[in-house]
Amino acid sequence: MGGRVQGVFYRATAARRAAELELHGYARNLPDGRVEVLACGEEAAVSAFVKWLWIGSSASKVTSVEVTDAPAETVTTAGFFTA
């Protein structure tokens with residue numbers, strides 16, 4: 001995600017939304033100011049989460065979301081965490 005997404009509780013809010021949708025994965029800050037999110041779960045839940053990523057936290061201003069498919073085995077832990 002690009003835009004104002006660091007320092008505005010974007011990752012923490014994403015983790016709460018992911019938990020509500022029973023997704024596994026992570027959200028982490030990137031050095032260039034973006035946030036990277038990996039989310040795995042039921043297709044409908046992932047789609048709902050991708051739509052939510054455009055909204056973000058109340059203080060964020062998302063200007064871009066890039067979606068790429070990843071193999072399910074990319075996530076090796078249960079739950080959703082922030083880094």
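All of these numbers come straight from a predicted model, not from anything done at the bench. Here, residue 1 is the first one in the sequence, and each next residue gets the next number.
Judged by distance alone, the side chain of R11 and the main-chain N or O of A83 form a donor-acceptor pair under 3.5 Å. Judged by distance alone, with hydrogens and angles left aside, the side-chain atoms of T13 form no donor-acceptor pair with the main-chain N or O of G56 at under 3.5 Å. Using a distance-only test at 3.5 Å, with no hydrogens or angles considered, a donor-acceptor pair links the side chain of R4 to the main chain of A59. In terms of modelled atom types and a separation under 3.5 Å, the side chain of H24 and the main chain of G79 share a donor-acceptor contact. Listed for the Q6 side chain is a donor-acceptor partner under 3.5 Å among the backbone atoms of L30. Looking only at distances, no side-chain donor or acceptor of Y10 sits under 3.5 Å from a matching main-chain atom of K61.
The two residues I55 and S60 make their nearest non-hydrogen contact at O-OG, 3.5 Å. Considering every non-hydrogen atom in both A70 and L38, the closest pair reads CB-CD1, 4.1 Å. When all heavy atoms of V67 and V50 are compared, the pair lying nearest together is CG2-CG1, 3.8 Å.
A 6.0 Å sphere centred on CD of E20 holds more than 12 heavy atoms belonging to other residues, nucleotides or ligands.
Residue F9 is not grouped with residue M1 when hydrophobic side chains (ILVMFWY) are merged at heavy-atom distances under 4.5 angstrom, including chains of intermediate members. At a threshold of 4.5 Å between side-chain heavy atoms, the hydrophobic network of Ile, Leu, Val, Met, Phe, Trp and Tyr places V37 and V8 in one connected group.
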- Item | Pair R28-E36, side chain to side chain contact (heavy atoms under 4.5 Å, CB included): steps then yes or no | CA-CA 5 Å; R28 66 180 176 190; E36 178 182 61; 2.5 Å; yes

- Criterion side chain to side chain contact (heavy atoms under 4.5 Å, CB included) on V62 and V5, from CA distance to verdict: CA-CA 7 Å; V62 181; V5 292; 4.0 Å; yes

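Using a 30° and 60° split on the angle between ring planes, F80 and F49 fall in the perpendicular class, above 60°.
Counting heavy atoms from C-beta outward, V46 and L23 have side chains that approach closer than 4.5 Å.
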